[in-house]
2 protein chains.
Amino acid sequence: MPATDRTDHRRDRDATAARVIAAAATILARDGATALGVNALAKEAGCDKQLIYRYFDGLDGVMAALGEAVATRLASRLAEARNSPAPDWPSFSQSLARGLLAACRADPLLGRIRAAEFASPPGRLAPFVAARGQVLQDWVVRTRPALPPPAGTDIPALHALLAGAIEAAILSAAASGALVGLPLQTDSDWARLEQNLMALIAAAYRGGG
Amino acid sequence: MPATDRTDHRRDRDATAARVIAAAATILARDGATALGVNALAKEAGCDKQLIYRYFDGLDGVMAALGEAVATRLASRLAEARNSPAPDWPSFSQSLARGLLAACRADPLLGRIRAAEFASPPGRLAPFVAARGQVLQDWVVRTRPALPPPAGTDIPALHALLAGAIEAAILSAAASGALVGLPLQTDSDWARLEQNLMALIAAAYRGGG
DNA sequence: CAGCTTTGTCACCGGATGGTGATAACAGGC
DNA sequence: GCCTGTTATCACCATCCGGTGACAAAGCTG
């Protein structure tokens, strides 16, 4: 059943276009990427599919527009966690991990898109990859400590591993409610994950690499 | 073009069924889960799609059979890494991470299936989830050290985070050749990842949780 | 009023999908 | 030989897909 009934017959291009983008986000978050087709999109948006071709030049155009919208949402969510340079490197890495975790948990669409990137033919979701990468990099640059990074620690590799673990947790939780064997359903489950993540970061800096 | 031409007209049910399973693995690894349909599968296997319904009761049956096959492959690959109890917990965790990484790297199908699990409607790939979980658990039990686990360390959470990071690395590498910002293409890229992973594990045990 | 652009709607196309019923080729038992 | 059951093939169905061309209605300009 369409979430938006086609009761709105006003001649308003912008409103229709916005409804299409919102419908794309809804389908992506609710049914996954495989369900996102032109027909389903038109039905969900409550408009004719012809308009999708007219206004967005097909699905790819919708994806590009949605990619921008999602990127700005991610940016604002990350800013909630931290928006100024961290005092030192461990707390920087910790707030990075915490912010990413919170942002992805709060916005299921982000996780869905990430999952789709893995399973989709490359190119279709390229706008998302580019937009997300840019947002993340901007955020890292903005909140990076002023101090030079500690010697003997491979910061990019450490952050990549941490971000990967977080991504896997988000995806696994959505798919099966658990990461490998670790349950990820209740808030306390997530708190346990975050606590261990923080401890791991602290150990990585303390123990040296 | 079909990998297997339909030149084999021998009346051999087992051989045909085996060809179907192999074709499913091929499609899954080459084109992803979205491309795995009854028609494409029949074409790839070089047989009539009717046989898929007769022998496997549809796609779900093929998935179940493929799931078993993949599980045994994963088990044997893991056994290559380690097949007896580890002397202590850090080296146990390390050989777990190393074994998982090597197994997934050597068998692209494993990564593909994992990606499909994230993006697919649940249920269709349930056989894979169950089979893989069982294999991993068996392996953990078989290679777990005889000593009691160190106090103050949340072993399941640590292993879940590590396994998640490895999964994300495999998936990201296949999709974009990089994990977040870390390149994952050459062997030295992977060596760098593994080195940091090992250091992280060592630090986790040394630094305490 | 006429003329034109924009916005929205409908009908249709070729092709691919999942699924099924009828039928042909081959094997073995009698 | 003939009969029966298994294996494999073909033809067909309804349905969905992405995509396009034609057309009705609304609004704006003259």
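Being a predicted model, the structure only gives us computed values, none of them experimental. Letters A, B, ... are given to chains in the order of the sequence lines, protein chains preceding strands, and every chain is numbered from 1. Every heavy atom of this structure was used, including side-chain atoms; hydrogens, water molecules and symmetry mates were not.
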Legend entry - Nucleotide D:dT6, atom P - distance to CG of B:D14 in whole Å: 14 Å

Legend entry - A:Y55 OH to D:dG19 P, straight-line distance once rounded to whole Å: 18 Å

Inset, instruction - Give a yes or no on whether the backbone of A:P90 and the side-chain of A:S93 come within a donor-acceptor separation of less than 3.5 Å. - result: no

Inset, instruction - Please answer whether the main-chain N or O of B:A79 pairs with a side-chain N or O of B:N83 as donor and acceptor at a distance below 3.5 Å. - result: no

Inset, instruction - Would you give a per-nucleotide map of nucleotides 15-21 of chain C, 5' to 3', where B means the base has a protein non-hydrogen atom under 4.0 Å away, S means only the sugar-phosphate does, and - means neither? - result: --BBBBB

Legend entry - B:M198 backbone acceptor or donor facing B:Q94 side chain under 3.5 Å: yes

Legend entry - Between C1' of D:dA8 and CZ of B:R13, the distance in whole Å: 12 Å

Inset, instruction - For D:dG27, take OP1 and OP2 only and decide whether either is under 4.0 Å from a side-chain N or O of A:R11. - result: no

Legend entry - B:L136 side chain near B:R132 side chain, heavy-atom distance below 4.5 Å: yes

Inset, instruction - Rounded off to whole Å, could you give me the NZ-to-C1' distance for the A:K43 and C:dC10 pair? - result: 15 Å

Legend entry - Spacing between A:D57 atom CG and D:dT20 atom C1', to the nearest angstrom: 13 Å

Legend entry - N/O (side chain, A:T16) to phosphate O (OP1/OP2, C:dG8) under 4.0 Å: yes

Inset, instruction - Report the distance from atom CG of B:D12 to atom P of C:dA25, rounded to the nearest whole Å. - result: 20 Å

Quick one: side chains of residues 98-110 of chain A, donor-acceptor pairs under 3.5 Å with protein atoms, not counting sequence neighbours, listed by atom name and distance.
{"residue": "A:D107", "atom": "OD1", "partner": "A:R73", "partner atom": "NH2", "Å": "2.6"}
{"residue": "A:D107", "atom": "OD2", "partner": "A:R73", "partner atom": "NE", "Å": "3.1"}
{"residue": "A:D107", "atom": "OD2", "partner": "A:R73", "partner atom": "NH2", "Å": "2.8"}

Legend entry - B:L193 backbone acceptor or donor facing B:N196 side chain under 3.5 Å: no

Legend entry - Separation of atom CG in A:L51 from atom C1' in D:dC23, rounded to whole Å: 14 Å

